[in-house]
There are 2 protein chains.
Amino acid sequence: MPKYYDELDAVLRALADPTRRAIVERLAKSPAVVSELAEPFSMALPSLMQHLRVLENAGLVTSQKHGRVRTVSLRPGSLDVLHLWLGEQRTPAERHADRLGIHPIRTTPKEI
Amino acid sequence: MPKYYDELDAVLRALADPTRRAIVERLAKSPAVVSELAEPFSMALPSLMQHLRVLENAGLVTSQKHGRVRTVSLRPGSLDVLHLWLGEQRTPAERHADRLGIHPIRTTPKEI
DNA sequence: GCCATACTTAGGTATGTGCCTAAGTATTAT
DNA sequence: ATAATACTTAGGCACATACCTAAGTATGGC
């Protein structure tokens with residue numbers, strides 16, 4: 001069990017939800033205020049706020065309130081932990097391919 | 001909504017669970033049979049099998065049965081979709097740092 | 001001061017998820 | 001043939017999660 005276990009767990013749980021992923025995608029472009037974030041979703045505000053709380057608890061997002069407006073932004077580097085974990089889950093075959101600089105072939109095709 | 005949306009969703013849902021992540025970590029080393037996979041977990045077999053089904057449905061894992069033994073292996077390249085998505089969620093600051101080859105500084109420190 | 005705005009808090013519901021036990025089925029060993 | 005092994009299927013239970021509505025609480029504009 002690696003040291004970043006809890007952080008990774010929180011991050012993956014947070015990203016497992018499509019709404020939260022959409023929020024992250026939106027914030028990757030630029031910070032936004034809550035009402036701005038809420039607009040594309042047909043969802044009551046409290047529901048969206050809950051998602052923001054999950055993202056914030058996972059460390060993916062920060063926010064600060066100025067007056068009555070809360071601005072939310074993606075926390076740079078917060079996805080590194082996932083990147084790190086991903087790097088460790090390469091199969092021996094993939095590691096071998098890495099060393100040769102080969103793009104590995106998928107066992108079963110699946111268009112992306 | 002990108003084309004790999006459904007695949008990504010399935011993969012992230014699957015990886016959101018610690019047991020399933022542990023299975024993936026184990027399989028990254030080498031394929032294994034079900035009873036071998038089950039051993040480290042204090043969990044009834046059917047519960048573990050359910051996790052395997054989730055991983056298989058997400059395309060992260062394949063398995064084949066020879067006689068009464070089922071061998072499970074990690075599907076090479078199945079994590080690419082996550083890698084791809086991750087690459088797109090870089091903040092403008094991070095993109096800038098990429099171009100300069102700089103390792104970005106975390107907004108809030110958090111040891112990994 | 002008064003009202004609109006921008007969240008926030010406090011509940012409540014419905015579905016999903018992770019786990020279990022009990023009872024199969026198929027395959028291999030004796 | 002009998003029995004042990006290696007899953008599999010079926011069903012159930014408890015808690016988590018994603019939503020909702022209704023009713024706050026600040027803050028800013030008039």
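In what follows, every chain begins at residue 1, and chains take the letters A, B, ... in the order their sequences are listed. Fair warning: this is a prediction, and the values are worked out from it, not measured in the lab.
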Practice prompt. May I ask you to evaluate whether B:S35 reaches the phosphate of D:dC7, defined as a side-chain N or O under 4.0 Å from OP1 or OP2?
Written response: yes

Worksheet entry | Below 4.0 Å: OP1/OP2 of D:dA18 and any side-chain N or O of A:S47 | no

Response to the item:
Closest heavy-atom pair, B:L79 versus B:L60, reported as atoms and distance to 0.1 Å, is CD2-CD2, 3.6 Å

Worksheet item: For the pair made of CG in B:D17 and P in D:dC15, what is the distance, rounded to whole Å?
Response: 18 Å

Item to complete: Tell me, with the steps shown, if B:S63 and B:E56 meet side chain to side chain donor-acceptor pair (under 3.5 Å).
Response: CA-CA 8 Å; B:S63 71; B:E56 194 150 7; 3.3 Å; yes

Fill in: Flag, side chain of A:E36 to backbone of A:V33, donor-acceptor distance under 3.5 Å
yes

Worksheet item: Roughly how many Å is it from CD in A:Q64 to P in C:dA6, rounded to a whole number?
Response: 18 Å

Discussion item. Looking at every heavy atom in both B:L55 and B:A14, which two are closest together, and how far apart are they?
Written reply: CD2-CB, 4.2 Å

Worksheet item: For the pair made of CZ in B:R68 and C1' in D:dC7, what is the distance, rounded to whole Å?
Response: 10 Å

Discussion item. From the set D:dC7, C:dC7, C:dG18, return the single nucleotide nearest to any side-chain atom of B:M49.
Written reply: D:dC7

Worksheet item: So, is B:R13 near the phosphate of C:dG16, with a side-chain N or O under 4.0 Å from OP1 or OP2?
Response: no

Discussion item. I need the CG-P distance between B:L48 and D:dT9, as an integer number of Å.
Written reply: 15 Å

Worksheet item: Is B:D17 salt-bridged to A:R13, cutoff N-O under 4.0 Å?
Response: no

Worksheet entry | Side chain of B:R70 - closest among D:dT9, D:dC19, D:dC7 | D:dC7

Practice prompt. Report the distance from atom CD of B:E39 to atom P of D:dC7, rounded to the nearest whole Å.
Written response: 12 Å

Discussion item. With a 4.0 Å cutoff (strictly under), does any side-chain N or O of A:R53 reach OP1 or OP2 of C:dT8?
Written reply: no

Worksheet item: Within this structure, what is the CD-to-C1' distance between A:E36 and C:dC7, rounded to whole angstrom?
Response: 15 Å

Worksheet item: A:S42 or B:Q50: which one's nearest nucleotide on DNA chain D is closer to the 5' end?
Response: B:Q50

Discussion item. Of the listed nucleotides (D:dC20, C:dC19, C:dT5), which one gets closest to any side-chain atom of B:M43?
Written reply: C:dC19

Worksheet item: Within the structure, does a side-chain N or O atom of B:K65 lie under 4.0 Å from either OP1 or OP2 of D:dT8?
Response: yes

Worksheet, complete the sentence: Of the candidates C:dA4, C:dC19, C:dT8, the side chain of A:L45 sits closest to C:dT8

Worksheet, complete the sentence: Nearest heavy-atom approach of A:L45 to A:A38 is CD2-CB, 3.9 Å

Practice prompt. Return the value, rounded to whole Å, for the distance between atom CG of A:L55 and atom P of D:dA18.
Written response: 10 Å

Discussion item. Judged by each residue's nearest nucleotide on DNA chain D, which is more toward the 5′ side, B:V34 or A:P46?
Written reply: B:V34

Item to complete: Figure out the NE2/P separation between A:H66 and D:dG28, and round it to whole Å.
Response: 11 Å

Discussion item. Under 4.0 Å from OP1 or OP2 of D:dC19: is there any side-chain N or O of A:H51 that close?
Written reply: yes

Practice prompt. Check every atom of C:dC7, C:dG18, D:dT21 against the side chain of A:A44 and return the nucleotide holding the closest atom.
Written response: D:dT21

